[in-house]
Student: 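Let me give you the structure first, and then I'll get to my questions.
Naming: A, B, ... by sequence-line order, numbering from 1 per chain.
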Number of protein chains: 2
Amino acid sequence: MATTSEPAPIASTVRDEIRACALRLFAERGVAGTSVRDIAACAGTSPANVLHHYGSKEGLREAVDDEVAHLFAHAASTAPDQLADMMDPATGGGSGSFAELLLSAVPPDSPVPAYVRRLLLDGGDAGRRLFRSWFDSARALQDSLVASGVARPAEDPDARTAFLLVNDLAMILLREHVADAIGTDPLTTEGAARWTADALDVYHHGAFRTPPDGSPTAGSTGPRTRGHAAT
Amino acid sequence: MATTSEPAPIASTVRDEIRACALRLFAERGVAGTSVRDIAACAGTSPANVLHHYGSKEGLREAVDDEVAHLFAHAASTAPDQLADMMDPATGGGSGSFAELLLSAVPPDSPVPAYVRRLLLDGGDAGRRLFRSWFDSARALQDSLVASGVARPAEDPDARTAFLLVNDLAMILLREHVADAIGTDPLTTEGAARWTADALDVYHHGAFRTPPDGSPTAGSTGPRTRGHAAT
DNA sequence: TTGCTGACTGAACGTTCGTTCAGTAGATTC
DNA sequence: GAATCTACTGAACGAACGTTCAGTCAGCAA
């Protein structure tokens, strides 16, 4: 059903159609909330044919997981250059954002971001591997940016990388809520620009004024009220 | 089954047990992935009794949504003071983090954070309301912090509030992945300290070195590669 | 004692689920 | 032309689903 722009192998087979429908429906309703019959109806074929091609519903889910993983594996191979390029203040002063990378890899109405969300939050192995690979890329990028003087060195580099990566992914995860709150979808070009502008401001100049000198490493700052209500 | 500490009405009724089980199972497996029979078995009663108390599975889901919403509505009534207190560099230099507030309100092994995750990501009205209320609180806090000179004023205050709030929530959403990556669960006291230390460092001093002067408002920094592969 | 109420159950209901299977149609191979 | 293969279908399977219902039982008011 209407795969969008140019580079796809255009002659979409029923097999591909089934997988595309599964991707979209899984992303919208979750795997448990999507039936094989739903997918078959979406792809204009019979439920039996879905299982003919993918063996089982679980097999189809794995195929979709793989598709998404490969999409990013390919993007990741060009990512370091792209990200480093985005980061270079000379060529544009970008943000080095994974979200921007994602935005550049899929059309704005793609179900992929929503599927990535499920992947990251459903506790499965595919999601764990995806996050791992992103974390490793981000860590390497962070190191190189520190080495080249673009980024400030962190006392806790793993925490720093995780912090920046997670902030970045959060925008994908909470996309609808952000759009509601600020009135612009952050996964459109204009929305991304607005989001990036603020993120860069914080990442360059901070959000808070400098604390009292000899700033404590803040390690002691746990929550002080320890209500621990049951539930 | 073993509700934890003090303030709960301790004499847990079967009705409460059913709701507690539903909260946990919905959080773990999703609503569609949890059957009424599962919940009944967990609560040690019959499926018919679950529906006797809550009318339908959907009614039970709404009851659980309400329970969580009320938990935070109560927390929110004391939140401004607590958050402002956390923010005050004089009394502790905390982070004003919603995640810390959450951590202080529920025990570390509570299913509530996972349920909040589902609430925020399942596109329902309860999640939308929850985010809205958090955004409004965060916005008000942000304004007061700017007024008192603790926070730098932002060019785009809505975006700034959304950015900080979303960063904060991200840690809850991606909790397991962060724990994997940095080796510490950020929703434990020690994990939170580590996370907070780095977050404060970024929020006070930035993550990147100051860009070339006359820093562009960065609005032009969209992704420059416009691959838009189909999918 | 009687009658009522609310918590609770076992058995069953109709539906929908994932999956199986025998079989058809259209190519391709020998 | 027969044999083989792959894509595909309609009908059915047993299991699991949410839900209904008649009925049991304990506590309590009259």
Side-chain angles (χ1 to χ4, degrees), chain A residues 1 3 8-67 115 118-119 122-126, chain B residues 1 3 8-67 115 118-119 122-126:
Chain A
M1 245 180 221
T3 37
I10 216 68
S12 159
T13 65
V14 173
R15 194 172 197 278
D16 294 335
E17 197 65 33
I18 290 170
R19 213 175 52 250
C21 279
L23 171 60
R24 187 157 60 80
L25 293 176
F26 285 167
E28 280 173 16
R29 317 176 190 172
V31 177
T34 304
S35 71
V36 173
R37 284 167 176 83
D38 289 338
I39 297 166
C42 161
T45 186
S46 68
N49 198 29
V50 172
L51 300 178
H52 167 70
H53 282 294
Y54 293 97
S56 67
K57 187 188 183 184
E58 176 62 19
L60 176 54
R61 213 217 64 214
E62 284 170 15
V64 175
D65 282 359
D66 283 353
E67 181 189 359
Y115 194 85
R118 301 243 167 227
L119 223 42
D122 274 2
D125 238 28
Chain B
M1 251 176 226
T3 37
I10 215 68
S12 159
T13 65
V14 174
R15 194 172 197 277
D16 293 335
E17 199 65 33
I18 291 170
R19 213 175 54 248
C21 280
L23 170 61
R24 187 158 60 80
L25 293 176
F26 286 167
E28 279 173 18
R29 317 178 190 172
V31 177
T34 304
S35 71
V36 173
R37 284 167 176 83
D38 289 338
I39 297 166
C42 160
T45 185
S46 68
N49 199 29
V50 172
L51 301 178
H52 167 70
H53 282 293
Y54 293 98
S56 67
K57 189 189 183 184
E58 176 62 19
L60 176 54
R61 215 218 63 216
E62 285 170 14
V64 176
D65 282 359
D66 282 354
E67 181 188 359
Y115 194 84
R118 300 245 168 226
L119 223 42
D122 274 3
D125 237 27

Student: Give a yes/no answer on whether the side chain of B/Thr45 brings an N or O atom under 4.0 Å of OP1 or OP2 in C/dT9.
Tutor: yes

Student: Whole angstrom is fine here: how far is it from CG in A/Leu51 over to P in D/dT6?
Tutor: 18 Å

Student: Take atom OH of B/Tyr54 and atom P of C/dC8, then tell me their distance rounded to the nearest Å.
Tutor: 11 Å

Student: For the pair made of CG in B/Leu60 and P in D/dC17, what is the distance, rounded to whole Å?
Tutor: 15 Å

Student: Please check: side-chain N/O of A/Arg29 versus main-chain N/O of A/Thr34, any donor-acceptor pairing under 3.5 Å?
Tutor: no

Student: Please confirm whether the backbone N or O of B/Ser35 pairs with a side-chain atom of B/Asp38, one donor and one acceptor, at under 3.5 Å?
Tutor: yes

Student: Can you tell me how far C1' of D/dG18 sits from NZ of B/Lys57, to the nearest Å?
Tutor: 8 Å

Student: Check the distance between D/dA7's P and A/Arg15's CZ and give it to me in whole angstrom.
Tutor: 8 Å

Student: Report the distance from atom NE2 of B/His53 to atom C1' of C/dG6, rounded to the nearest whole Å.
Tutor: 9 Å

Student: Are B/His52 and C/dC8 close enough that a side-chain N or O sits under 4.0 Å from OP1 or OP2?
Tutor: no

Student: When you measure from the side-chain N and O atoms of A/Ser46 to the phosphate of D/dC8, is any distance below 4.0 Å, counting only OP1 and OP2?
Tutor: no

Student: Regarding A/Arg37, tell me which of base, sugar-phosphate or nothing describes its non-hydrogen contacts under 4.0 Å with the strands shown.
Tutor: base

Student: Counting heavy atoms from C-beta on, name the nucleotide in C/dA7, C/dT19, D/dC8 closest to the side chain of A/Val36.
Tutor: C/dT19

Student: Counting C-beta onward and ignoring hydrogens, is there a side-chain heavy-atom pair between B/Val31 and B/Lys57 closer than 4.5 Å?
Tutor: yes

Student: How close or far is atom C1' of C/dG6 from atom CD1 of B/Ile18, stated in whole angstroms?
Tutor: 14 Å

Student: Is it the case that B/Arg15 places NZ or CZ above or below the six-membered ring of B/Tyr54, under 6.0 angstrom from the centre and within 45 degrees of the axis?
Tutor: yes

Student: If I compare all heavy atoms of A/Ala22 with all of A/Val64, which pair ends up nearest, and what's the gap?
Tutor: CB-CG2, 3.9 Å

Student: Please report, rounded to the nearest Å, how far the C1' atom of C/dC17 is from the CD1 atom of A/Ile39.
Tutor: 12 Å

Student: I want to check one thing: is the phosphate of D/dA16, taken as OP1 and OP2, less than 4.0 Å away from some side-chain N or O of B/Ser35?
Tutor: no

